[in-house]
Each structure stands twice: as C-alpha cells, then as structure tokens.
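Just so it is clear: chains get the letters A, B, ... in the order the sequence lines come, proteins before strands, and each one is counted from 1. What's counted below: heavy atoms across the whole structure, side chains too, no hydrogens, waters or symmetry copies. Fair warning: this is a prediction, and the values are worked out from it, not measured in the lab.
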Protein chains: 2
Amino acid sequence: MKKLAIPQGYKTTKQRKAILEVLEENITPMHAEDIYFKLKEKGIDISLSTIYRNLDMLQKQGLVIKAYMLNEDKARFGLSSKKNYLICQECKKIVIIDNCPFEKFKEELIEVHGFDILGHSIEVYGICPECKEKIKNDEKPSQENK
Amino acid sequence: MKKLAIPQGYKTTKQRKAILEVLEENITPMHAEDIYFKLKEKGIDISLSTIYRNLDMLQKQGLVIKAYMLNEDKARFGLSSKKNYLICQECKKIVIIDNCPFEKFKEELIEVHGFDILGHSIEVYGICPECKEKIKNDEKPSQENK
DNA sequence: ATCTCTGCAAAGCTTTTGCATAATA
DNA sequence: TATTATGCAAAAGCTTTGCAGAGAT
C-alpha cells in the first residue's frame, strides 16, 4: 500500500494531511460533509471550504477523483487509485474490482469506433452477500417493509 | 426505433411531448438548460421548473436516466435505452456501445464477490477519430494553443 | 519575512417547491 | 367539472469565492 504525499509546491498543513488520511482510510468515495464529520470525530476542526479547496487541488493534481453516484446529487471524492467498484445498493458498501475486466475490451472499442481511449469509469450496482442475507431474514416477519 | 409514449396516468401536454422529442433526437445526454434552449429554438416556450419536474417524473417511470459526467457538476438526462457510451473529450460527442462487453463479466463478478448484480454504468473517455484528425492538424501552426 | 493556507461569511448555481392560473381528460 | 400541469418567484442545498488573519518555509 503506497503512502500518499502532498504534492510538490503545496505546504504541509494539519488539515491537508488529515484530509488525505481520511481518504486513505475509506474505501467508499466520500461526500465533502462526510470528511468534515470524520475529522470532527478525530478532534480535528476544519471548515468545509478548506475541504473543498483541498479536494479541488488534489483532483487537479490527479490524486483524487470527483464523481457523482447514480441517484445522488452530491459529489463524492475518492483516491484515484480506487476506481472500479461494486456498490451495494443497501449498505452503500463499495468493493474494489481488482482486475478490471474492461481492459480486455479497449482494443475492441478502438477497432470498432476508432476512438483513442483515455480512461474509463465503471460503476456496478448490486446487493452484497451480507445485505442479501439480512434482506432474506427481514422478509418473513412483516408484509410491508418499506 | 421504438417510439416513446407518455406514461399511463399522466396528461399529454405540449411541453411533455416536446421534452421527450428532444431527448429522442439527441444521443448525448443533456443538461436541463440544453433542453430549455433546444425547445426555445423550436419556438416552444417552457419554464425550467417544468423541465425539471418532467425529467424527474420520467426518471421515476424508468424512461430517463439522470447522471453526472466526469468533471461536470450539472446533471445530464438521457433516455434509459442509451446507457453505455464512449465520450469524446474534445467535442463531447457520444457514441453508443451497442453490445456492452460488460455483460459477459457479470457471472465472474457474482462468483468472485458474491454480489447480486442489479445494474451498471460505464463511461469511457477518449478522442473520436474526427477530433483526432483535427488535433493533429492544429498542432503544427502555433505552439500555444489553449 | 514571504507566500500560502484557513475560516468565516457572503455569493453563486443548479435544482426544488408553493401557489395561483391554465390546460387536459 | 375535476384533476393534473405549468409558470413564476422564492427557497433550498451544495459548492465557490473574497478577504483578513494564521501558519508554513
């Protein structure tokens, strides 16, 4: 697991370090507010604008990716190394897809459409094994859940 | 090409028909404002709130998908039949991927991660052949374009 | 000492909502 | 005629920005 560093030319502040730390600890891309509260829990006081400004800088430096998940209207931020994933629709847990199956198809896309492929983003939505189990059990007691 | 109809239980208004029409005519998912101006061009006067309300309804009815593209902060709306695509980073043109290569890998994901797969979304970024050509030509004249 | 970063409050934008009026069935 | 849809203006929510003071090199 490679340690992330603050990019050249930017100063080392406790806020900046803390943001990177939180991003490293969470597999799921986070809302700016999530980061804000996670830091508050850790006793680090920070303003939302500082968070936004740093995320913006980290994005421009290529360390962070900003993306919107399906059916959400708030941006999420995650380290760019974690890009292809499965998302559990129930618990929002994210599982990284290590060997992205898509790589094998770039060639095909280039041939068929003539595009130079620069990058891609895949989101797969489903139910994780744990939630599947939970749902199965919850179904019995009542007829009208949800 | 199947014609889209206004869902059961909803009234037929000229605004509603016009929104669906514009969505059918555009392969690229559009911002609410894009739709607003496209309709203005056609001489159809409509308010942004009507557009948002209808897109929301169409989304809930499953006809429309709302999504954010990488590096954009405004939602785009497109017909749900057009879901996997290539996006040209230069001209923003979108090319639909007809046979989604991903289908073949669902089984593998289910096996490896135990997820029930409900759906997925793929965005591929690249440069289309036309822009590739244009860029090649533009590179010669000046050293500082952009 | 200089230059960058942070926090606060205010501004900006997209999207949503309330309400009266207009249009559809 | 009853019900749903529209338009306008105002509200809401996330994100950005200006500025003065604090912090890093």
task = Find the distance B/Ile19:CD1 to D/dT6:C1' and express it as a whole number of Å.
result = 11 Å

request  = Round to a whole Å and report the spacing from CG of A/Asn71 to C1' of C/dT15.
outcome  = 15 Å

ask   = Partners of B/Ser47 by side chain to side chain donor-acceptor pair (under 3.5 Å), sequence neighbours excluded?
value = B/Ser49, B/Thr50

ask   = Taking only residues two or more places apart in sequence, or in another chain, which ones meet A/Thr13 in a side-chain contact (heavy atoms from CB on, under 4.5 Å)?
value = A/Gln15, A/Arg16

Output a table of nitrogen or oxygen pairs between the protein and nucleotides 11-14 of chain D separated by less than 3.5 Å.
none

remark   = For A/Tyr68, the ring-ring contact (aromatic ring centres under 6.0 Å, His included) test, sequence neighbours excluded, returns B/Tyr68

message = In this structure, how many angstroms lie between the P atom of D/dT4 and the CD atom of B/Gln15, rounded?
response = 17 Å

task = Determine, for nucleotides 20-25 of chain C in 5'-to-3' order, which nucleotides have protein heavy atoms under 4.0 Å from the base (write B), from only the sugar-phosphate (write S), or from neither (write -).
result = ----BS

Basic-acidic side-chain contact under 4.0 Å: A/Glu21, A/Lys17 = no

Using a 3.5 Å cut-off and no angle test, enumerate the donor-acceptor pairs between side-chain atoms of residues 55-65 of chain B and protein atoms at least two apart in sequence or in another chain.
from	atom 1	to	atom 2	distance (Å)
B/Asp56	OD2	B/Lys60	NZ	2.8
B/Gln61	NE2	B/Tyr10	OH	3.3

query = Taking atom P of D/dG7 as reference, at what distance in whole Å does atom OH of B/Tyr36 sit?
reply = 10 Å

key: A/Ile35 side chain near A/Ile46 side chain, heavy-atom distance below 4.5 Å   = no

inquiry  = Once salt bridge (Lys or Arg N to Asp or Glu O under 4.0 Å) is applied, what residue pairs with a partner in residues 28-40 of chain A remain, sequence neighbours excluded?
reply    = A/Glu33-A/Lys74

task = Would you mind classifying the nucleic acid contact of B/Asn54 as base, sugar-phosphate or nothing, using non-hydrogen atoms under 4.0 angstrom?
result = sugar-phosphate

request  = Give the angle between the helix axes at the two ends of the helix from C/dA1-D/dT25 to C/dA25-D/dT1, taking five base pairs at each end and rounding to 10°.
outcome  = 40°

ask   = Do any of residues 37-51 of chain A sit with a heavy atom less than 4.0 Å from DNA chain C, and if so which?
value = A/Asp45, A/Ile46, A/Ser47, A/Ser49, A/Thr50

query = Taking CD from A/Gln61 and P from C/dT4, how many angstroms apart are they, rounded to a whole number?
reply = 14 Å

message = Can you confirm whether B/Ile19 sits close enough to B/Leu39 that some side-chain heavy atom of one is under 4.5 Å from a side-chain heavy atom of the other?
response = yes

task = With sequence neighbours excluded, give me every ring-ring contact (aromatic ring centres under 6.0 Å, His included) pair touching residues 25-48 of chain A.
result = none

message = Taking atom types as they are modelled, would you say the side chain of B/Arg53 forms a donor-acceptor pair with the base of C/dG18 within the 3.5 Å cutoff?
response = yes

